[in-house]
**Student:** 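Structure in structure tokens, see below.
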Amino acid sequence: MGLAKRIIPCLDVDAGRVVKGVKFLEIRDAGDPVNVARGYNEAGADEITFLDITASSDNRDTILHVVEEVASQVFIPLTVGGGIREVADVRRLLNAGADKVGINTAAVKRPELVREATDKVGSQCIVVALDAKSVSGPDEPPRWEIFTHGGRQGTGIDAIEWAVKMAEYGAGELLLTSMDRDGTKIGFDLALTRAITDAVEIPVIASGGVGNLQHLSDGVLKGGADAVLAASIFHFGEYTIAEAKAHMASQSIEVRC
Amino acid sequence: MQRIAVIDYGMGNLRSVSKAIEHVAPDDEVVVTHDAATIESADRIVCPGQGAALDCMQALQASGMAEVVSRTVATRPFLGICMGFQVLLSRSDENGGVSCLDIISGRVVRFADPLHDTDGTRLKVPHMGWSEVTHSQPHPLWSGIDNGSRFYFAHSYYCVPDESQRVTGTCHYGHDIAVSVAHNNVFACQFHPEKSAADGLQLLKNFTQWNGES
């Protein structure tokens with residue numbers, strides 16, 4: 001009877017619409033973030049993450065309206081990431097109704113941003129997103145490096161050292177994505193997940209690679225993750241949130257029913 | 001129609017709270033305000049809050065809201081949420097020690113570091129996510145909510161009220177912690193009802209209908 005491991009569907013939002021298509025039951029307009037969020041809430045999701053992938057700065061404020069709309073109708077935690085550059089961006093999103101804000105590239109550029117933001121709004125609102133990629137050779141001990149710009153740009157920063165540093169800077173949670181696994185559907189990088197969860201005291205969300213329900217369980221049981229994030233297995237109706245929870249519960253993982 | 005004031009002292013996300021109350025009480029007027037007269041004329045008061053104790057207390061004092069809360073807290077149904085619960089206690093250990101409103105006698109302390117569960121497993125801090133809340137005593141705000149239902153938490157500090165008979169709800173995170181208290185017409189909780197799906201909305205709805213008695 002402790003804390004439930006969380007299941008978090010993640011949605012990409014471009015110019016105010018959910019993209020990549022969402023196809024679960026009774027959602028007529030898959031592009032409307034409110035409908036999608038409401039559907040996931042009713043399906044039992046523990047939290048929802050929106051990633052703002054809007055490239056054009058003209059559309060930047062659109063995400064604020066999306067967050068306002070969703071937050072006024074869906075009453076579970078909402079995390080929003082993408083395009084955060086300064087503390088003012090964090091505040092705007094929180095004021096619009098986000099509960100947590102994900103910071104990625106901006107933290108790599110200027111780590112103090114994380115400290116400034118947590119000082120202002122509290123650690124529990126700040127999620128640092130880590131995009132990590134394996135950089136060790138076949139016979140070397142495993143090593144992962146932080147990448148930015150959707151995994152295209154290496155930084156030379158060791159992923160574990162970075163996770164520890166971000167926790168020290170006040171991050172309330174880490175969203176860990178394996179760039180090697182993202183989109184592959186072959187499961188989380190469990191060695192990476194375990195290395196990070198062992199290194200920090202703060203909660204870690206595992207992301208990247210989920211293709212079936214066992215992958216979700218493995219993220220918790222083998223990777224030590226506190227929450228598991230997935231996109232396509234839920235969006236395309238391959239599995240429901242309820243099925244995911246039932247599967248995890250069958251392996252003695254505590255979930256919220 | 002009644003008026004419910006959500007106190008705005010410049011900290012954190014008030015929209016979630018006000019929207020959730022509007023959702024459960026569509027006929028009521030919900031105002032987010034830092035105006036003392038508006039708060040004092042309201043039928044019910046909600047004090048939310050996020051962030052660090054020092055900032056919150058400074059903001060409450062600078063805005064004059066500390067005095068308004070102290071004055072109105074005893075006079076009508078009052079709901080404190082998260083930091084809005086913690087500031088009601090005597091003092092907080094956060095930020096090197098902060099004097100709080102001292103409406104409920106007690107102290108706000110940080111989870112141990114490292115924190116372990118009774119079976120030895122390591123627990124993360126912040127306590128973030130959905131935990132089961134045990135009703136340690138009946139209260140009108142628990143109406144329609146199963147004992148042991150899960151609520152959403154996001155905190156590193158927790159309240160230790162001096163008088164255990166005030167505690168209405170507990171959860172287990174390493175050890176049992178008080179996560180809600182009742183004190184006359186005050187109900188205050190560490191978890192976020194506005195983010196706790198159906199059960200959280202039920203609690204908010206109960207608050208909008210509560211006469212302030214236990």
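So that the names make sense, note that chain A is the first sequence line, chain B the second, and so on, each numbered from 1.
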**Student:** By a 4.5 Å heavy-atom criterion (distance strictly below it), what part of A/Arg256 contacts chain B: side chain, backbone, both, or neither?
**Tutor:** both
**Student:** Please identify, among A/Thr118, A/Thr197, A/Val204, the residue contributing the most non-hydrogen atom pairs under 4.5 Å to chain B.
**Tutor:** A/Thr197
**Student:** Are the side chain of B/Ser180 and the backbone N or O of B/Gly169 linked by a donor-acceptor pair below 3.5 Å?
**Tutor:** yes
**Student:** Which residues in residues 111-129 of chain B have any heavy atom closer than 4.5 Å to a heavy atom of chain A?
**Tutor:**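 The residues closer than 4.5 Å to chain A, in numerical order, are B/Asp113, B/Pro114, B/Arg122, B/Leu123, B/Lys124, B/Val125, B/Pro126, B/His127, B/Met128, B/Gly129.
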**Student:** Under 4.5 Å heavy-atom distance to chain B, tell me which part of A/Asn41 shows up: side chain, backbone, both or neither.
**Tutor:** side chain
**Student:** With sequence neighbours left out, which residue pairs that include part of residues 112-124 of chain A fulfil the salt bridge (Lys or Arg N to Asp or Glu O under 4.0 Å) condition?
**Tutor:** A/Arg110-A/Glu116
**Student:** Do we see a donor-acceptor contact under 3.5 Å between the side chains of B/Gln86 and B/Gln190?
**Tutor:** yes
**Student:** Any salt bridge between A/Asp61 and A/Arg92, counting N to O under 4.0 Å?
**Tutor:** no
**Student:** Between B/His135 and B/Trp142, how do the two ring planes meet: parallel, tilted or perpendicular, split at 30° and 60°?
**Tutor:**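 If you compare the ring of B/His135 with that of B/Trp142, the planes turn out parallel.
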**Student:** Which pairs of donor and acceptor atoms, one on a side chain in residues 68-83 of chain A, lie under 3.5 Å apart (sequence neighbours left out)?
**Tutor:**
{"residue": "A/Ser72", "atom": "OG", "partner": "A/Glu68", "partner atom": "O", "Å": "3.2"}
{"residue": "A/Ser72", "atom": "OG", "partner": "A/Glu69", "partner atom": "O", "Å": "2.9"}
{"residue": "A/Gln73", "atom": "OE1", "partner": "A/Arg38", "partner atom": "NH2", "Å": "2.3"}
{"residue": "A/Thr79", "atom": "OG1", "partner": "A/Glu47", "partner atom": "OE2", "Å": "3.4"}

**Student:** Heavy-atom cut-off 4.5 Å, strictly under: side chain, backbone, both or neither for A/Val255 against chain B?
**Tutor:** backbone
**Student:** Excluding sequence neighbours, so at least two apart, what forms salt bridge (charged side-chain N to carboxylate O under 4.0 Å, His left out) with A/Asp52?
**Tutor:**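 With neighbours one apart ignored, the set is A/Arg60.
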**Student:** Among B/Ala52, B/Ser18, B/Pro193, B/Ala20, who wins on heavy-atom pairs under 4.5 Å with chain A?
**Tutor:**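 Between B/Ala52, B/Ser18, B/Pro193, B/Ala20, the count favours B/Ala20.
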**Student:** Per the side chain to side chain contact (heavy atoms under 4.5 Å, CB included) rule, which among B/Val160, B/Val109, B/Val98 passes with B/Asp93?
**Tutor:** B/Val109
**Student:** Which region of A/Ala98, side chain (C-beta onward) or backbone (N, CA, C, O), has a non-hydrogen atom less than 4.5 Å from a non-hydrogen atom of chain B, or is it both or neither?
**Tutor:**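 For A/Ala98, the backbone is the part near chain B, not the side chain.
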**Student:** Would you call B/Lys19 and B/Glu22 a salt bridge, taking side-chain N to carboxylate O under 4.0 Å as the test?
**Tutor:**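 Looking at B/Lys19 and B/Glu22, the cut-off is met.
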**Student:** Measure distances from A/Ala227 to the heavy atoms of chain B and classify the residue's part below 4.5 Å as side chain, backbone, both or neither.
**Tutor:** neither
